[in-house]
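Start at 1 and go down the list; that is how both ligands and their atoms are numbered. Predicted model, so just to flag it, every value in this text is computed and none were measured. What's counted below: heavy atoms across the whole structure, side chains too, no hydrogens, waters or symmetry copies.
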Amino acid sequence: MNRRRFLTQTGLGLLAASAGTAGRSAGSKSEPGRGPLIVSTWGFGKASNDAALKVLVRGDSILDAVEQGIWVTESDAGNSSVGLAGNPNAAGVVQLDACIMNGPNHKAGSVCALEGIRHPISAARRVMEKTRHVMLVGEGAKMFALEEGLESVGGDSSGLHTQWHKQRMSQQSRESARKPTGHDTLALLVLGANGDIAGGCSTSGLGGKLPGRVGDSPIIGSGLDVDNAVGAAGATGLGENVMRYCASFLIVEFMRQGMAPHEACMQVIRRILSSEPKGANLSINFVALDKQGRYGAAGTDRGFQYSVTMPESSRVLPNPANGKL
Ligand code: ASP
């Protein structure tokens with residue numbers, strides 16, 4: 001085994017960023033604090049990135065940028081995978097997952113299976129800032145969001161749950177529970193001008209999921225991880241294939257060992273692929289940025305795109321892993 005291959009497989013050593021990373025300081029030594037830089041999953045992340053940049057430019061915090069950036073996609077009535085316009089679960093109810101993480105104090109907040117709240121990312125931020133906890137789920141998360149005065153939408157879903165429960169054993173509903181429909185997540189990472197890092201995730205999860213199912217997105221270390229000394233990573237895809245590997249945490253750890261963001265994303269995909277049946281369609285896609293202002297992404301979905309925004313440009317980029325896995 002040659003040295004480069006050894007370093008790649010073990011995750012040790014400094015690896016130069018490969019094509020697709022396109023970081024402005026890719027592969028080079030640079031001073032920390034090359035923000036503002038915002039990186040998010042999917043083409044629809046661009047509108048959120050642009051909003052987040054405006055927040056930073058007017059001098060507000062990186063957490064405000066994450067929260068208000070994500071509001072844009074959560075409010076988009078045309079988006080069927082983030083916010084209340086998202087795909088419903090098998091009972092016909094939209095259950096939302098979100099989390100937020102702040103690099104400087106390594107705090108996090110998260111909500112799972114939250115119903116009827118316009119901005120789950122704001123509920124997650126309030127969990128982080130106003131409670132002793134990190135994660136609230138279901139009815140408790142909703143009660144907390146309402147107590148906090150967050151905007152609620154829609155009525156009582158208990159009728160839908162009861163109806164679904166009655167039909168549950170029918171052939172038709174067994175089939176529909178087995179067949180997930182669309183899904184995507186907005187994972188948005190922010191590097192501030194002073195080098196501080198924050199991130200957030202928001203999703204309606206897997207369409208047709210069992211009521212109560214929670215994916216990777218609100219789980220710290222799986223759908224999102226932020227380490228203020230290193231960088232941040234976020235995920236989108238089939239949560240079941242991300243959360244079993246703590247994938248975002250692993251990307252950050254690979255960056256800590258010296259990998260550029262793109263290479264760290266690729267390395268985690270290779271690691272996961274090596275443990276899964278060959279040819280499995282895993283649907284795992286990642287974005288990452290580091291303290292030096294480098295960014296990258298990689299995914300197993302050919303159509304995966306990511307959005308990168310800085311003061312001088314805001315772009316939607318193709319999946320750099322296409323043809324390389
Ligand atoms: N990761 C999300 C989930 O499994 C869905 C997605 O990003 O596509 O809930």
### Query
Looking only at side chains, do D216 and S222 share a donor and an acceptor under 3.5 Å apart?
no

### Sub-3.5 Å N/O-N/O distance, G205 and ligand 1
no

### Task
Verify the distance criterion only: is there a donor paired with an acceptor across the side chains of S283 and D301 at less than 3.5 Å?
yes

### Message
Side chains of D50 and S314: any donor to acceptor distance under 3.5 Å?
### Response
yes

### Close N or O approach (E240, ligand 1; < 3.5 Å)
no

### Task
Run the numbers for me: atoms of ligand 1, each under 4.0 Å from some heavy atom of G239, listed by number.
1 (N), 3 (C), 4 (O)

### Message
Evaluate A235 for polar contact with ligand 1, using N/O atom pairs at a separation under 3.5 Å.
### Response
no

### Summary
d(N89 CG, L206 CG) to nearest 0.5 Å is 10.5 Å

### Task
Output the list of atoms in ligand 1 that are nearer than 4.0 Å to some heavy atom of T236, sorted by atom number.
6 (C), 7 (O), 8 (O)

### Summary
Output for pair (Q305 CD, R315 CZ), nearest 0.5 Å, gives 13.0 Å

### Pairwise side-chain hydrogen bond (donor to acceptor under 3.5 Å, both in side chains) hits with a residue in residues 226-240, at least two apart
W42-T236, D196-N228, R213-E240, D227-R256

### Message
I want to know if ligand 1 touches T203 in the polar sense, i.e. an N/O pair below 3.5 angstrom.
### Response
no

### Task
Name the option, out of H183, R213, M243, that contains the heavy atom nearest to atom 4 (O) of ligand 1.
R213

### Message
Polar contacts were defined as any N/O atom of the residue lying under 3.5 Å from an N/O atom of the ligand; does this apply to D97 and ligand 1?
### Response
no

### Message
Under a 4.0 angstrom heavy-atom cut-off, which atoms of ligand 1 come close to D184?
### Response
6 (C), 7 (O), 8 (O)

### Query
If you group Ile, Leu, Val, Met, Phe, Trp and Tyr whenever their side-chain heavy atoms sit less than 4.5 Å apart, what else falls in with L136?
V111, L114, I117, V127, F144, L146, L150

